[in-house]
Amino acid sequence: MTHLWVRAESRDNEERVGVLPDGVAELIAHGLQVTVEDSSARVIPTADYAAAGAVIAPEGSWVDAPRDAIIFGLKELPDNDMALHHRHILFGHAYKGQPAGQRLLARFKAGGGTLYDLEYLENVDGRRVAAFGYWAGYAGAAVSLLAYAAQLRGAPCPPVSTWASSSAMREDVKTALDGAAPSALVIGALGRVGTGASDLCEAVGLPVTKWDMAETAHGGTFPEVLDHTLFFNCILARPGTPVFVPADACTQPRNLRVIGDIACDPDSDFSPIKVYDHVTRWDAPVTRACTAPPLDVMAIDNLPSLMPRESSVDFAAQLLPHLKTLGALEAGVWGRAQSYFDDHIQKVTL
């Protein structure tokens with residue numbers, strides 16, 4: 001029997017979950033065994049999972065789970081040297097040269113485990129089957145606009161915390177802008193992330209320039225980025241990604257005041273934004289890249305967590321049909337995800 005073990009998230013400010021109680025009930029009816037760890041932070045109460053038929057385990061007990069269990073979480077595992085023996089489903093951020101990702105792969109190689117990276121669950125056409133992208137775009141645009149509103153007041157961007165809903169987030173942004181309508185450029189506008197960013201901007205009355213592959217195919221340079229007040233990067237950093245904001249942007253004439261790096265891969269060699277090098281946090285949502293005039297970069301890497309219930313409901317609905325196929329890990333989306341892992345793990349040296 002396939003055993004899915006839903007671990008508690010260990011990262012700060014992470015309340016999301018990848019499967020809901022009704023999904024657990026469906027998986028059990030489909031023949032899976034489901035264990036759910038207790039969690040003091042998860043947006044869905046543990047009692048709801050117990051009522052759906054899941055076995056409840058202590059928080060963090062996945063390390064002692066049976067070897068045949070498939071460990072399922074969203075964000076990264078605790079960053080230590082423990083060898084990983086299990087099969088894991090999570091967002092690994094391990095295939096673009098990121099230092100933390102290389103450490104993670106080394107742990108899998110040491111333990112003989114396998115990573116099924118949620119970012120690489122793809123259908124036969126190479127399109128991701130489940131993503132938080134829309135809510136990342138929506139929340140990333142919102143936080144970036146809060147940073148812009150603070151700039152206008154000569155104040156630092158305030159800390160952020162969870163919103164009860166997307167509508168509550170939108171109304172807070174409207175209030176902060178107080179009628180201001182800066183120009184915004186969204187690159188990757190046709191994807192999930194770009195759609196979310198564009199929707200938020202338009203909902204609060206901003207003029208939005210929408211670019212996608214056709215507008216960036218020439219490979220650069222892109223002076224139009226510096227001509228807008230706000231720029232939202234909504235494309236994944238991959239080999240061949242052009243540079244949208246060069247390292248010398250601070251010395252160039254520009255209207256640009258806030259960058260929302262929603263794709264957020266600052267430590268990747270392929271990052272298209274070269275004026276900063278680290279993620280930002282909920283308690284300090286932006287980093288100042290330039291002064292006179294200011295340029296702030298928003299680079300929070302768990303943006304959908306700002307709306308944990310809404311984003312979890314959406315993502316879980318996308319993923320559930322594929323969780324039902326875990327009994328055939330060698331095929332379909334899981335087989336393709338393992339191929340990505342196999343290709344990268346062979347390059348790891350211990």
Side-chain angles (χ1 to χ4, degrees), residues 2-28 32-94 100-101 103-104 107-108 111 113-119 121 130 132 135-136 161-162 164 279 281-283 300-320 322-323 326:
T2 302
H3 185 181
L4 182 66
W5 187 292
V6 182
R7 62 176 171 85
E9 299 293 331
S10 57
R11 176 178 174 152
D12 290 342
N13 300 320
E14 188 53 80
E15 300 178 20
R16 292 175 297 168
V17 62
V19 62
L20 302 182
D22 57 352
V24 165
E26 288 191 43
L27 292 174
I28 293 171
L32 276 70
Q33 178 183 352
V34 181
T35 298
V36 176
E37 290 185 2
D38 192 16
S39 170
S40 56
R42 187 185 295 126
V43 69
I44 308 297
T46 301
D48 292 2
Y49 289 94
V55 174
I56 305 303
E59 186 167 343
S61 59
W62 64 267
V63 296
D64 297 315
R67 284 291 182 93
D68 64 349
I70 301 168
I71 313 301
F72 176 31
L74 294 176
K75 296 301 286 184
E76 60 266 28
L77 299 169
D79 191 3
N80 55 43
D81 295 327
M82 186 185 76
L84 297 171
H85 308 285
H86 294 95
R87 296 166 292 178
H88 283 260
I89 302 170
L90 73 152
F91 286 104
H93 304 294
R103 293 193 299 273
L104 178 66
R107 294 170 64 189
F108 276 109
T114 303
L115 169 63
Y116 297 91
D117 195 317
L118 287 163
E119 189 175 330
L121 290 189
F132 283 100
W135 300 110
S161 59
T162 57
V279 300
R281 309 182 310 273
W282 289 27
D283 61 348
I300 293 172
D301 65 354
N302 64 335
L303 287 162
S305 302
L306 291 166
M307 294 173 288
R309 183 175 296 274
E310 215 162 337
S311 62
S312 292
V313 168
D314 183 24
F315 182 83
Q318 297 173 57
L319 187 62
L320 182 60
H322 305 287
L323 292 177
L326 281 171

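Side chains included, hydrogens not; waters and symmetry mates left out as well; all remaining heavy atoms used. Numbers here simply count residues along the sequence, with the first being 1. Quick caveat, the model's predicted, so the values are computed rather than measured.
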Heavy-atom count check: over 12 atoms from other residues, nucleotides or ligands less than 6.0 Å from Asp81 CG?
no
Do you know which two heavy atoms are closest between Arg16 and Asn302, and how far apart they sit?
NH2-CB, 4.1 Å
Provide the closest heavy-atom pair for Leu118 versus Gly73 in the form atom of the first, atom of the second, distance.
CD1-O, 3.8 Å
Quick one: are Leu326 and Ile89 in side-chain contact, heavy atoms under 4.5 Å?
yes
side-chain hydrogen bond (donor to acceptor under 3.5 Å, both in side chains) contacts in which one or both residues fall within residues 36-52, not counting sequence neighbours
Trp5-Glu37, Asp38-Thr46
Using every non-hydrogen atom in the two residues, find where Leu32 and Leu323 come nearest and quote the distance to one decimal.
CD2-O, 3.8 Å
Counting N and O atoms only, with roles assigned by atom type, does the side chain of His86 sit under 3.5 Å from a partner on the main chain of Asp64, one being a donor and the other an acceptor?
no
If every non-hydrogen atom of Thr162 is compared with every non-hydrogen atom of Glu15, which pair is closest and at what distance?
CG2-OE2, 3.7 Å
Do Leu115 and Leu90 have side chains that approach each other closer than 4.5 Å (heavy atoms only, starting at C-beta)?
yes
How far does CG of Leu320 sit from CG of Asp22, to the nearest 0.5 angstrom?
7.5 Å
Is the shortest heavy-atom distance from the side chain of Leu306 to the side chain of Trp282 under 4.5 Å?
yes
Taking atom OG1 of Thr114 and atom CZ of Phe108, what is their separation to the nearest 0.5 Å?
7.5 Å
dist Arg87:CZ -> His3:NE2 (nearest 0.5 Å) comes out at 11.0 Å
Is there a donor-acceptor pair under 3.5 Å between the side chain of Ser311 and the backbone N or O of Pro304?
yes
Could you walk me through whether Leu84 and Leu77 pass side chain to side chain contact (heavy atoms under 4.5 Å, CB included), step by step?
CA-CA 10 Å; Leu84 297 171; Leu77 299 169; 3.7 Å; yes
Verdict with reasoning, Leu319 to Leu121, per side chain to side chain contact (heavy atoms under 4.5 Å, CB included)
CA-CA 9 Å; Leu319 187 62; Leu121 290 189; 3.7 Å; yes
List the atom of Ser10, the atom of Glu76, and the distance in Å for their closest heavy-atom pair.
OG-O, 3.9 Å
Going by the angle between their ring planes, with limits at 30° and 60°, are Phe91 and Phe132 parallel, tilted or perpendicular?
tilted
For the atom pair OG (Ser61) and CZ (Arg7), what is the distance rounded to the nearest 0.5 Å?
12.0 Å
Between Leu74 and Glu9, what is the shortest heavy-atom contact and its length?
N-OE2, 2.6 Å
Nearest 0.5 Å, what's the CD1-NE2 distance between Ile71 and His88?
5.5 Å
